[in-house]
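Below is one structure; the comments refer to it alone.
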Amino acid sequence: SQTIHQWPATLVQPVGSPLSLECTVEGTSNPNLYWYRQAAGRGLQLLFYSVGIGQISSEVPQNLSASRPQDRQFILSSKKLLLSDSGFYLCACSHGTGAYEQYFGPGTRLTVT
Amino acid sequence: AQTVTQSQPEMSVQEAETVTLSCTYDTSENNYYLFWYKQPPSRQMILVIRQEAYKQQNATENRFSVNFQKAAKSFSLKISDSQLGDTAMYFCAFIAGTYKYIFGTGTRLKVLA
């Protein structure tokens with residue numbers, strides 16, 4: 001079964017600073033990869049998903065971008081953080097099209113000050 | 001548009017009792033998959049149960065079972081013999097032939113000792 005790693009686990013960054021969150025997947029190949037953001041006590045907001053290397057679909061136009069340089073690596077970035085970027089960021093993976101469950105990483109808690 | 005609705009923001013249940021969490025969804029697709037995820041205070045998302053729409057039999061996983069009513073587009077989760085460790089946010093999710101999972105807003109369940 002797959003294992004999803006995310007780092008860092010916790011991050012405090014000032015407004016205007018850059019961001020790079022990394023997600024890597026072990027134990028599988030050709031996964032679909034996802035970035036979600038979750039505000040405290042709220043639901044999941046899909047930010048980006050990728051079905052292959054270099055293929056990124058953006059769901060919400062905002063201050064963030066994503067890249068997939070390798071099959072099992074998914075990176076979330078920002079050039080200049082905003083206060084509204086604070087939240088809990090979850091990476092997830094799945095396989096195939098619409099038939100299988102997603103598996104989630106442990107998440108990164110980002111606080112922008 | 002495909003939507004998932006969880007109408008109970010918060011619920012509580014006494015330890016060892018049974019509780020049912022509600023979920024309704026809307027789709028024009030005939031083949032789809034439904035999931036319940038649990039997010040404990042650690043915020044790790046854990047798959048609880050999965051249901052294929054083409055199966056009439058309700059899915060069961062130990063103390064967790066679902067009541068899937070396809071015509072009514074209802075997918076409720078029943079937790080029997082509730083335990084303190086069941087305290088968590090519970091998310092209903094749906095996918096139909098795409099890469100995008102649709103999540104409800106969640107139900108916060110508290111199990112009382």
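Throughout, a chain's letter reflects where its sequence line sits, starting with A, and its residues are numbered from 1. For clarity, every value in this text was computed on a predicted model and none was experimentally measured.
Following chains of ILVMFWY side-chain contacts shorter than 4.5 Å, one cannot reach Y49(A) starting from I56(A), and the two form parts of different hydrophobic clusters. Hydrophobic clustering of Ile, Leu, Val, Met, Phe, Trp and Tyr side chains at less than 4.5 Å, counting indirect connections, unites M11(B) with V111(B).
Put simply, the side chain of Q102(A) never gets that close to the backbone of L47(B): no donor and acceptor are under 3.5 Å apart. At distances below 3.5 Å, not a single donor-acceptor pair connects side-chain atoms of Y103(A) with backbone N or O atoms of I46(B).
Neither the backbone nor the side chain of Q45(A) comes within contact range of chain B; no heavy atoms are under 4.5 Å apart. No part of Q6(B) comes within reach of chain A, as not one of its non-hydrogen atoms sits under 4.5 angstrom from that chain. Contact annotation for A40(A): only backbone heavy atoms (N, CA, C, O) come within less than 4.5 Å of a heavy atom of chain B.
The aromatic ring centroids of Y37(B) and F104(A) lie less than 6.0 Å from each other.
Identified by a heavy-atom distance below 4.5 Å to chain A, the contributing residues of residues 74-94 of chain B are M89(B), F91(B), in residue-number order.
Annotation: maximal heavy-atom pairing with chain B below 4.5 Å, among S57(A), S94(A), A92(A), occurs at S94(A). Put simply, of R42(A), Q38(A), R109(A), the one with the most heavy-atom pairs under 4.5 Å next to chain B is Q38(A).
The shortest side-chain heavy-atom distance between Y100(A) and F35(B) does not fall under the 4.5 Å cut-off. M45(B) is listed as a side-chain neighbour of L44(A), based on a closest heavy-atom distance under 4.5 Å.
Rounded to the nearest 0.5 Å, atoms CD1 (I4(A)) and CD (Q44(B)) are 8.0 Å apart.
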